[in-house]
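Presented below is the structure to which this report refers.
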Amino acid sequence: MTASETSPSSDFIRAAIAEDLKSGRYQLVHTRFPPEPNGYLHIGHAKAIAIDFGVAAEFGGLCNLRYDDTNPVKEDVEYVDSIKEDIRWLGFDWNSREFYASDYFEELYEFAVQLIKKGKAYVDDQSAEKVRLNRGTLTEPGVASPYRDRSVAENLDLFERMRRGEFPDGARVLRAKIDMASGNLNLRDPVMYRILHNPPHHRTGEKWCIYPMYDFAHGQSDSIEGITHSLCSLEYEDHRPLYDWFVSELGIYAPRQIEFARLNLSYTVLSKRLLRRLVSDGYVRGWDDPRMPTLSGLRRRGYTAESIRTFCDRIGVSKVDSTVDIALLEHCLREDLNKRAPRVMGVLRPLRVVIENYPEDKVEGLDAVNNPEDPAAGARKVPFSRVLYIERDDFREVPPPKYYRLAPGREVRLRYAYFVKCVGVVKDEQTGEVVELRCTYDPETLGGSAPDGRKVKSTIHWVSAAHAVPAEVRLYDRLFATENPNVAPEGEGFLSNLNPNSIEVLADCYVEPALAGALPGFLCQFERQGYFCVDPDSTPAKLAFNRSVQLRDEWAKIESKAAAAS
RNA sequence: UGGGGGAUCGUCUAGCGGUAGGACAGCAGACUCUGGAUCUGCAUGCCGUGGUUCGAAUCCACGUCCCCCAGCCA
């Protein structure tokens, strides 16, 4: 373990909090993770969760889970449930501190009344369109609403009637009276409450027909919960003056907001709106499609919580707009799985091999190590017999330069078994396709080496045909073909950057019998190929695997360089 | 052009007036019953221009570029 892993990280947020504790501005640390239940959590949220919960834990404080559920039009219990599941899976715990902005609706309403009484809020009858027009532009000040100077009594009466449901959606809003000329648009009399008769709220049902805007709910919710540090993303920087204004006008406890850059990942979109589009329009199978950057998708793909937490630690925290290379995420998974995933042999594109000099009905159980990185993982027996399957790609009729594997006349080692030499190639008479290899084995080479000292340049994996378990394997590639999917050609959207080959399903694979009955979620390494995870689609009759991530592949590099050179 | 932020290897990120470091990616090699893992080495960076200073990524000035904000979304 290195120093950077043992000593507390020194990003600007932790430094600021340490300073606040030292100066006495706050005596403790209490953060919160505040999702809106309008979609599934993704890897970007994992960063926020790791910061919110991580910072609290490091300073011996607490972190609440609070749903900012102020817009019933977009929210649903399906999302609140999935969010809880994902946070728990990641390994964080809010104990009993599960809150909802909707828990505070009554209090928030009283806050609004308080501001009306102070002459700091008013009911505006203008249409949404009118409000927008009168807000001004980036360079021109806004125009005051003709209703801005209504009496406190009239405002009180109107607001109460809004609550009682006397007005239709959009008829009126409650606005803060701040400054229509402010350079900060958020301060040009922002809307505090709007009327929404439908649909019912997932928690408060039909009780309310007016709902606070996020900006009027968030800061006060933090205040009510006694949050010391409200950590959020950069786009809320210019909302901070507004939150401070509310808290100050209301005379309530003030948290400190600190903003950090949200995560961007190459070849990925991380926006709930865009991810929802992929789901609703059927570009993926659902929120948990293994190609999705959602936590449920990554989990199904085979990502471990540990690897995602490591990733979040490594990317750091700063205020710079940044895009992390997805290769780092993949690296974190490999690193984790290398230590813990049992090795097995699985043949993805089978090529039949007959060992001519191996007895017809003989079967040997050969010893195979489960994980060379972990002696405690033990060993297993793998059945070997006369007819095997090897990987199609491990044979070339005309081997290119630097290709070490099987070819006519060449000898290789079958992992944990024998040296075999290719002595014949059987082809389909019609297509010319190689359908079978005839090989001979050297009985003296069991254990991996030849008594005469001869070497082979390569070891390949295999499964015994008679013992093989059939399986389906899904190979995934990045969902988008371009590094930044948000940059699309004129007139086209991010969908035009979708990678048409993001999934390849191999229906006729074979895996070694040790895998029979493996349960969904089971993770293993198919030697020489990658890490694979049993998918929930598996049935007792047929296993289905997802490729979580490929192993690093030197040969693939050599080959693609050769292809590029020619 | 109003307001708010930000610029350090290809990508993330350290640095807080005293030799610009780490990780990923890349390249080269060693080792290997996984062309895996591991190990070794290499290359690449302070947005620009002035100034202060013995000494500047760091302090100051002036520029330049990038991001966010005109939802009754969050």
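Each chain gets a letter, A, B and so on, in the order its sequence line appears, and its residues count up from 1.
- The A:M213 side chain lies nearest to B:C72 when the options are B:C72, B:G5, B:G10.
- Although no hydrogens or angles enter the test, the distance criterion places a donor-acceptor pair under 3.5 Å between the side chain of A:N370 and the main chain of A:A377.
- Counting atom types as modelled, A:Q529 pairs no side-chain N or O with a base atom of B:U34 as donor and acceptor under 3.5 Å.
- Taking the C1' atom of each, B:C27 and B:C46 are spaced 24 Å apart, rounded to whole Å.
- To the nearest whole angstrom, the two P atoms, one in B:G36 and one in B:G26, are 12 Å apart.
- Put simply, the side chain of A:R405 and the base of B:G35 share a donor and an acceptor less than 3.5 Å apart.
- Salt bridge annotation for A:E335-A:R314: present, with a cationic side-chain nitrogen under 4.0 angstrom from a carboxylate oxygen.
- Contact check, A:R552 against B:A37: a side-chain N or O comes under 4.0 Å of OP1 or OP2.
- Rounded to a whole Å, the CE atom of A:M345 is 18 Å from the P atom of B:G36.
- In this structure, A:R314 places its CZ atom 14 Å from C1' of B:A25, rounding to the nearest Å.
- Of the candidate nucleotides B:A25, B:C68, B:C67, B:C67 has the atom lying nearest to any side-chain atom of A:D321.
- Atom P of nucleotide B:C12 and atom CD of A:E483 are separated by 9 Å, given to the nearest angstrom.
- Between A:R172 and the phosphate of B:C72, there is no side-chain N or O to OP1/OP2 separation shorter than 4.0 Å.
- Nucleotides B:C9 and B:G5, compared at atom P, are 23 Å apart to the nearest Å.
- Here the separation of B:A20 from B:A56, taken at their C1' atoms, is 12 Å to the nearest Å.
- Between A:S266 and B:A25, a side-chain N or O to OP1/OP2 separation shorter than 4.0 Å is absent.
- For A:Y214 and A:Y236, the ring centers sit closer than 6.0 Å to each other.
- Nearest heavy atoms, A:H197 versus A:C209: CD2-CB, 3.7 Å.
- In this structure, the CG atom of A:L328 is 12 Å from the C1' atom of B:G22, given to the nearest Å.
- The separation of B:U1 from B:U11, taken at their C1' atoms, amounts to 34 Å, rounded to a whole angstrom.
- Between A:K272 and A:R240, it is A:R240 whose nearest contact on RNA chain B lies nearer the 5' terminus.
- Residue contacts shown for A:V73 are absent, as no nucleic acid heavy atom lies under 4.0 Å away.
- Comparing A:E129 and A:W555 by the nucleotide of RNA chain B that holds the closest heavy atom to each, the one mapping nearer the 5' end is A:W555.
- Residue A:K557 places at least one side-chain N or O closer than 4.0 Å to OP1 or OP2 of B:C27.
- At the heavy-atom level, A:K339 lies nowhere under 4.0 Å from the strands shown.
- A gap of 15 Å separates the C1' atoms of B:G35 and B:G29, to the nearest Å.
- The CG-P distance, from A:D179 to B:G2, rounds to 17 Å in whole Å.
- B:G2 and B:A25 are spaced 44 Å apart, taking the P atom of each and rounding to whole Å.
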Stepwise ring pair (Phe, Tyr, Trp, His ring centres under 6.0 Å) check, A:F480 with A:Y267: CA-CA 5 Å; A:F480 290 92; A:Y267 298 97; 9.4 Å; no

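- Taking atom P on both B:G15 and B:U8, the two are 14 Å apart, rounded to the nearest angstrom.
- Glycosidic conformation of B:G4: anti, with the torsion beyond 90° of 0.
- In this structure, the CD atom of A:E554 is 14 Å from the C1' atom of B:C39, given to the nearest Å.
- In this structure, of B:G35, B:C73, B:A74, it is B:A74 that holds the atom nearest to the side chain of A:Y214.
- Look at B:U52: it lacks any Watson-Crick or wobble partner with both distances under 3.5 angstrom.
- Put simply, the residue from A:R276, A:H45, A:K272, A:E78 that forms a side chain to side chain donor-acceptor pair (under 3.5 Å) with A:Y40 is A:E78.
- Contact check, A:S318 against B:G6: no side-chain N or O comes under 4.0 Å of OP1 or OP2.
- Here A:R276 does not reach the OP1 or OP2 of B:C73: none of its side-chain N or O atoms lies under 4.0 Å away.
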